Amino acid sequence: MLLRAAWRRAAVAVTAAPGPKPAAPTRGLRLRVGDRAPQSAVPADTAAAPEVGPVLRPLYMDVQATTPLDPRVLDAMLPYLINYYGNPHSRTHAYGWESEAAMERARQQVASLIGADPREIIFTSGATESNNIAIKGQGLTLLLRLECSGAILPCHSFNLLGSSNPPTPASPVTSTTGVGAIYIRRRPRVRVEALQSGGGQERGMRSGTVPTPLVVGLGAACEVAQQEMEYDHKRISKLSERLIQNIMKSLPDVVMNGDPKHHYPGCINLSFAYVEGESLLMALKDVALSSGSACTSASLEPSYVLRAIGTDEDLAHSSIRFGIGRFTTEEEVDYTVEKCIQHVKRLREMSPLWEMVQDGIDLKSIKWTQH
C-alpha cells in the first residue's frame, strides 16, 4: 500500500510538472513507461546535460520469449517484495510462516490449472531446469539433441511452433521470468533423483530457497489464466487467423510450419521462401519478433525443430515466429502484417533466386558448385 501511494504521488507530480508533454507515439511504435531517458549522476557544478526526448520502442510480438507482466500478477507479488519478505523455509517465526502459506497457496493455484494434486507441483527456476529434472533426474539416456542447458525438443517445439506439451514455464502465463514448475506424478509414483545438493527443499527434489514473490506471481498468473482461458483462446485465435490470412493472401510461397490444427494459435511460425529470415528481422525493426527460441537465438544454424519435422534447410533459414498474447491488439497485428508484406516484397526483388523462380527455373534442378 505504501508503495502504491508513493507511485500515485509521483504520477501526480509528473502530470502537474511544467514543460512540454511528450508527443504521441508514432504508429507501430510504443512509448516506454518513462517519458524521458534516465539521467546519470553528475557533479552539482557540472552544466546540465540536454534533455532526452521520448524513447520509442517497437511493437512487441515475441511473447514466446517472455510475456508482459499482467498487472493483477504484479498486485499479488508486491506485498511479498515489501512487507512479507520472510524465508518460506524458516519455521520458527511469523515471517517464515506467512511466506510458506503464500508459497503453498501458489502451489495450489498451479495445480488447479492443470488438474493436479498440489503435492505433485515442484517449483523450479523455469522450463530448462524442469526439463533437466524430468530427464536427467530419472537417469534416462536420450537420443534427442539437448540445447539451452538441457531444454529438450518438446519445450523448444512449443516455443517455436506452438505444438507439443511442454513443462510449465512462468512467462507464457503472464508471470515474471526466473520461476517455473514441474509436475511429478505421485501415483503410480515417478522416482526422480535430485540434481543438486542442498537443504532438501521441495520434498528433496529441488534444493534451494523458493523465491516467494516469484512463485506467488506464478500462482496468480495461473489463476488468471484459468479464469480467462476461454476468452483468451477465442481472442488470440481470431488475431492469429487474421495475421496468417492477410499475409498469405498478399504473398505467395509462404509456408506455415507445424500442425495447422493442433497448435497454440498465439505461436505462428511462417517461412518466407527466397528471403533470409535474419534479413527480414532486421528490416522489421518496428516490430519485436524472433526467428526461433530465445534459448538458441545466438546460433546461426537453422532451427533443429524445423529440421526435425522435415522442413527444407532453405525454408528453415527463412522462418519468422510471430507471438500473439493477451495484450496484443488488432491494430498491432495489422501493422505487423503491413510491414511484413512490404519488406518481404522488397527483399525478394533483391534476391536472384526469386528472379530465377519468376523466370520459371526449378531451383532444385540446379547443381550448385563451390569455388
Side-chain angles (χ1 to χ4, degrees), residues 28 58-59 61-62 64-65 145 147 153 156-163 240-261 263 265 267-324 332-371:
L59 297 182
M61 297 281 287
D62 194 22
Q64 275 67 50
R145 176 181 173 187
E147 287 194 21
L153 182 61
H156 274 277
S157 64
F158 178 82
N159 281 334
L160 192 70
L161 305 172
S163 56
S240 172
E241 185 177 349
R242 184 184 186 94
L243 184 142
I244 295 170
Q245 288 185 354
N246 287 344
I247 287 179
M248 288 192 166
K249 75 180 182 182
S250 300
L251 293 173
D253 298 305
V254 177
V255 177
M256 181 176 176
N257 298 305
D259 193 302
K261 294 182 179 179
H263 75 286
C267 183
I268 306 159
N269 192 295
L270 301 178
S271 288
F272 299 89
Y274 319 114
V275 172
E276 184 65 37
E278 295 300 321
S279 299
L280 182 54
L281 281 180
M282 292 176 65
L284 289 167
K285 57 182 181 295
D286 292 351
V287 185
L289 293 165
S290 172
S291 58
S293 169
C295 307
T296 57
S297 60
S299 173
L300 294 178
E301 294 295 317
S303 164
Y304 75 86
V305 174
L306 293 179
R307 302 292 288 124
I309 64 172
T311 304
D312 290 341
E313 185 169 347
D314 290 343
L315 283 178
H317 270 297
S318 68
S319 68
I320 297 292
R321 186 185 65 186
F322 301 84
I324 297 175
E332 289 173 331
V333 169
D334 290 345
Y335 182 84
T336 301
V337 168
E338 176 189 330
K339 288 296 180 181
C340 183
I341 293 170
Q342 173 189 336
H343 290 297
V344 168
K345 288 181 177 179
R346 180 179 63 83
L347 290 170
R348 281 179 173 174
E349 288 174 359
M350 299 166 56
S351 170
L353 296 180
W354 176 250
E355 185 178 347
M356 294 168 68
V357 170
Q358 297 307 298
D359 291 338
I361 300 173
D362 182 3
L363 298 182
K364 293 184 177 180
S365 65
I366 300 174
K367 294 183 179 180
W368 304 96
T369 58
Q370 284 186 328
H371 296 284

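The structure presented is a predicted model; accordingly, all values stated were derived computationally and were not measured.
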Which residues pass the side-chain hydrogen bond (donor to acceptor under 3.5 Å, both in side chains) test with Gln245, sequence neighbours left out?
-> Glu241

Qualifying residues under side-chain hydrogen bond (donor to acceptor under 3.5 Å, both in side chains), relative to Ser271, sequence neighbours excluded |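 Expected list: Asn257.
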
Distance in Å, [X] [atom1] paired with [Y] [atom2], rounded so as to fall on 0.5 Å steps:
| X | Y | atom1 | atom2 | answer |
| --- | --- | --- | --- | --- |
| Ile244 | Ile268 | CD1 | CD1 | 4.5 Å |
| Cys340 | Leu280 | SG | CG | 5.5 Å |
| Thr336 | Leu59 | OG1 | CG | 5.5 Å |
| Arg321 | Met61 | CZ | CE | 11.5 Å |
| Leu284 | Phe322 | CG | CZ | 7.0 Å |
| Met350 | Ser279 | CE | OG | 8.0 Å |

Atom of [X], atom of [Y] and distance for their closest heavy-atom approach:
| X | Y | value |
| --- | --- | --- |
| Asp62 | Ser290 | OD1-CB, 3.4 Å |
| Ser318 | Ala273 | OG-N, 4.1 Å |
| Ala283 | His343 | O-NE2, 3.4 Å |
| Cys267 | Gln64 | CB-NE2, 3.5 Å |

For Ser250, all residues meeting side-chain contact (heavy atoms from CB on, under 4.5 Å), sequence neighbours excluded =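 Partners of Ser250 by the side-chain contact (heavy atoms from CB on, under 4.5 Å) criterion, ordered by chain and then number, come out as Ile341.
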
Only counting residues at least two apart or in another chain, list the ones meeting side-chain contact (heavy atoms from CB on, under 4.5 Å) with Pro252.
->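 Scan of Pro252 (side-chain contact (heavy atoms from CB on, under 4.5 Å), adjacent residues dropped) gives Arg348, Trp354.
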
List in chain and number order the residues that pass salt bridge (Lys or Arg N to Asp or Glu O under 4.0 Å) with Arg346, two or more places apart in sequence or in another chain; answer none if no residue qualifies.
-> none

Counting heavy atoms not belonging to Met248, are there more than 12 under 6.0 Å from its CE?
-> yes

ring-ring contact (aromatic ring centres under 6.0 Å, His included) partners for Phe272, two or more places apart = none

Are Ile320 and Leu270 close enough, and set up right, to give a side-chain contact (heavy atoms from CB on, under 4.5 Å), and what steps lead you there?
-> CA-CA 5 Å; Ile320 297 292; Leu270 301 178; 5.7 Å; no

